[in-house]
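Chain letters run A, B, ... following the sequence lines, proteins first and then strands; every chain starts at 1. Reckoned from all heavy atoms, side chains included, excluding hydrogens, waters and symmetry mates. What you see is a predicted model, and the numbers here were worked out from it, not measured in a lab.
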Amino acid sequence: MRMSKMLIPTLREVPAEAEINSHKLMLRAGLMRRIASGVYAYLPLGFRTFKKIEQIIREEMDRENAQELVMSALIPAESYKETGRWDIFGPEMFRLKDRGNRDFCLGPTHEEIFTQTVKSGVKSYKNLPMTLYQIQTKYRDERRPRFGVMRCREFVMKDAYSFDKDEAGLDESYQAMYRAYSKIFDRCKLDYTVVEADSGAMGGSGSQEFMVKSEIGEAQIAYCESCGYAANDEKAECLEPVFNNDKELLSMEEVKTPNVKTIEQLCEFFNCEATNFAKTLIYKADDVIIAAIVRGDRELNETKLQNYLGCNELEMADDETVYKVTNAKVGFAGPIGLSIKIVADLEVKGMVNFITGANNTGYHYNNVNIDRDTKNLEFVDIRTITLGDHCPKCKNEISIARGIEVGHIFKLGDKYTKALDCTYLDQNGRSQTMLMGCYGIGVGRTMASIIEQNNDESGIIWPMAVTPYQVIIIPINISNEIQASMAEQLYNSLQDEGIEVLFDDRKERPGVKFNDAELIGIPLRITVGKKASEGIVEYKIRKTGDMDEIDIKKVIARVKSDILAY
RNA sequence: CGGGAUGUAGCGCAGGUGGUAGCGCACAUGGUUUGGGACCAUGGGGCCGCAGGUUCGAGUCCUGUCAUCCCGACCA
């Protein structure tokens with residue numbers, strides 16, 4: 001393609017809207033533009049890469065015998081009402097009405113639609129297993145769209161759904177998707193980790209996330225260098241510590257602590273560390289009020305707590321409720337004398353002579369000891385893993401990193417098939433509920449992640465597999481006839497070989513062309529300059545910066561071998 | 001949804017105390033240049049986010065509103 005004819009609006013300066021590298025580069029390299037918050041258009045260069053990623057996904061999905069189709073994005077409410085998700089999605093779902101005042105939404109995810117489709121099309125065990133997928137636009141009215149295309153409100157997702165006769169079949173379908181995903185992200189040259197993820201209170205026997213390690217990732221993951229264990233922080237298990245309590249138990253006392261509520265204030269007041277406190281949080285779990293206790297410096301993990309309680313909804317109780325159950329204002333809750341269910345973190349079991357709220361506004365208890373002073377505590381792992389914790393598998397020190405979730409595979413079990421009565425007839429003619437899995441990849445997010453991991457001060461460094469063009473030809477001086485005609489010829493013959501080539505035939509100075517070529521990240525660059533008259537061109541590799549001069553006759557062979565070897 | 005910030009040319013920005021809206025880049029034309037974001041000359045481009053208000057007069061002050069970004073909360 002001739003650059004003089006293309007829409008590649010590169011920017012010299014970084015638009016104020018971007019904060020992270022990939023977002024800045026996508027804007028600067030002219031790959032995309034914002035239409036609204038969390039809504040983006042892909043420009044020609046960006047769209048080429050986008051399509052290449054889609055194609056990689058397609059090939060690997062097809063290889064595992066998944067079938068591509070496309071559902072509508074516009075979906076009638078009934079589909080979601082049957083599973084209850086019309087209400088569960090809440091304001092995150094884009095809703096609209098047709099002229100007859102019927103409810104519709106723009107699909108945020110398609111479990112219902114796929115299930116209905118399979119329900120009406122598949123009746124016999126002979127047709128199972130079956131995996132269907134689509135690459136399609138999704139709509140979610142996120143509270144906070146972020147980082148450009150990383151978290152947005154309109155985004156393209158490859159979503160796949162598997163349908164199986166039984167658990168063993170589901171396992172196989174799930175493993176097939178695991179293989180496909182690994183190949184997809186390998187081919188995209190992403191450095192990723194597969195982590196165990198929480199599969200929620202709603203059942204489902206397994207879930208893993210494909211995480212691209214990055215400081216800008218929104219998810220926190222815990223991993224073990226020695227045994228390879230990796231899980232996201234909602235899931236990562238905290239081991240029960242080994243307690244060695246040889247301290248003398250002091251007698252409990254009530255201390256007047258007016259206006260001392262937060263852990264920080266308490267540390268100052270008592271002149272001690274946050275580890276000396278047990279923090280008591282009051283939660284509302286499906287209308288039941290419960291208390292949860294973690295050490296003062298720890299973070300409660302709501303997912304773990306929710307899973308333990310088996311509730312559908314979990315939220316912090318409001319001030320009024322706290323007052324009602326603890327008989328004190330917020331900030332003075334504690335386990336002693338509470339008559340509600342109390343769930344304490346495993347670690348709390350070993351605390352001695354600690355400080356906690358007295359369930360009395362303005363008072364705390366000091367020197368509290370679990371066995372002596374409290375009763376009916378349930379000890380469960382409910383805190384979030386952190387540095388200093390140990391690997392639940394091999395007990396070595398755990399490491400913490402941030403990650404971008406680019407893919408998620410999930411065993412749903414019968415959650416949707418049961419609700420929508422999606423059944424098949426088995427060998428004996430008996431009706432059975434199908435088991436389902438769902439599998440997603442964010443295409444735009446994958447693209448941004450590739451850029452996040454492959455760039456330098458000059459711009460993007462595309463992996464060969466997803467680059468918008470493989471080669472760029474830069475004639476130094478387009479008005480020099482020798483250079484112009486050599487570049488033109490080279491352009492034609494590379495194209496004849498089926499190579500994707502950009503021809504910078506713009507009347508720009510060399511510096512501008514070089515900078516643009518590096519910014520947009522084309523892997524191979526051929527410069528036709530002074531030595532054109534001797535039949536020599538300059539050849540540069542973006543990734544390594546390696547540069548040499550080669551004979552024009554050898555260029556095509558060199559390009560071909562570099563494309564393969566890149 | 002809570003906190004913070006910002007809206008002035010395509011992009012980046014400047015415009016004390018109210019008085020005819022500016023700079024750099026980009027763009028157009030002509031010329032000189034041509035191996036790392038050239039130079040000279042000329043030129044086009046603005047509902048100063050929007051709506052009210054105060055004032056003889058508002059980019060500037062007041063009120064409201066919308067949009068965008070960041071932090072947090074939340075999140076199949």
*Pick the P atom in B:rG24 and in B:rC70, then give their distance to the nearest Å.*
31 Å
*Look at all strands and tell whether A:N480 reaches a base, only sugar-phosphate, or nothing, counting heavy atoms closer than 4.0 Å.*
nothing
_Per-nucleotide protein contact string for nucleotides 71-76 of chain B, where B marks a base within reach and S marks sugar-phosphate only (heavy atoms under 4.0 Å, - for neither)_ = BBBBBB
*Evaluate the ring planes of A:F94 and A:Y139, with Trp represented by its six-membered ring, and classify them as parallel (under 30°), tilted (30 to 60°) or perpendicular (over 60°).*
perpendicular
_Aromatic plane relationship, A:Y439 with A:Y174 - under 30° parallel, 30 to 60° tilted, over 60° perpendicular_ = tilted
*What's the CD1-C1' distance between A:I216 and B:rC70, to the nearest Å?*
14 Å
*Pick out which of A:V156, A:V406, A:L31 makes a side-chain contact (heavy atoms from CB on, under 4.5 Å) with A:M447.*
A:L31
_Whole-Å C1' distance, B:rU17 and B:rG72_ = 39 Å
*Canonical and wobble pairing (Watson-Crick, G-U, under 3.5 Å) of RNA chain B, dot-bracket with |*: (((((((..((((.....[..)))).((((((.....)))))).....(((((..]....))))))))))))....
*Which whole-number value in Å describes the distance from A:M316 CE to B:rG2 C1'?*
14 Å
_What's A:K540 touching, base or sugar-phosphate or nothing? Going by heavy atoms closer than 4.0 Å._
base
_In whole Å, measure the gap between the P atoms of B:rU42 and B:rC23 for me._
13 Å
_Categorize A:A18 for me: base, sugar-phosphate, or nothing, with a 4.0 angstrom heavy-atom threshold over every strand shown._
nothing
*Using atom C1' of each nucleotide, how far apart are B:rC62 and B:rA58 to the nearest Å?*
11 Å
*asked:* Over all strands shown, is A:R28 touching base, sugar-phosphate only, or nothing at heavy-atom distances under 4.0 angstrom?
replied: base
_For the backbone of A:D504 and the side chain of A:K513, can you confirm whether one donor and one acceptor N or O come within less than 3.5 Å of each other?_
yes
*Answer yes or no: does a side-chain N or O of A:S37 lie under 4.0 Å from OP1 or OP2 of B:rC69?*
yes
*For atom C1', what is the distance between B:rG44 and B:rU29, given to the nearest Å?*
11 Å
_Within the 6.0 Å centroid threshold, strictly below: A:F503 and A:Y491_ = yes
*Just by distance, do the side chain of A:Q134 and the backbone of A:E68 share a donor-acceptor pair under 3.5 Å?*
no
*How far, in whole Å, is B:rC71 from B:rC27 if one measures between their C1' atoms?*
38 Å
*Do A:E112 and A:T83 meet the criterion of a side-chain donor-acceptor pair at a distance under 3.5 Å?*
yes
*In terms of side-chain heavy atoms, does A:Q208 have a donor or acceptor partner in A:Y181 at a distance below 3.5 Å?*
no
_Is it the case that the side chains of A:N232 and A:E209 hold a donor-acceptor pair, with the cut-off being a distance below 3.5 Å and no angle test?_
yes
*For atom CD of A:Q265, is the number of surrounding heavy atoms from other residues, nucleotides or ligands below 6.0 Å larger than 12?*
yes
*Decide whether A:Q306 and A:K304 meet the rule of one side-chain donor and one side-chain acceptor closer than 3.5 Å.*
no
_Work out how far the P atom of B:rA26 is from that of B:rG59, and round it to whole angstrom._
30 Å
*Using a cut-off of 4.0 Å between protein heavy atoms and nucleotide atoms, how would you tag nucleotides 21-35 of chain B 5' to 3' with B, S and -?*
---BSS------BBB
*Roughly how far apart, to the nearest Å, are B:rA21 and B:rC13 at atom C1'?*
14 Å
*asked:* Distance alone, cut at 3.5 Å: any donor-acceptor contact between the side chains of A:D233 and A:T384?
replied: no
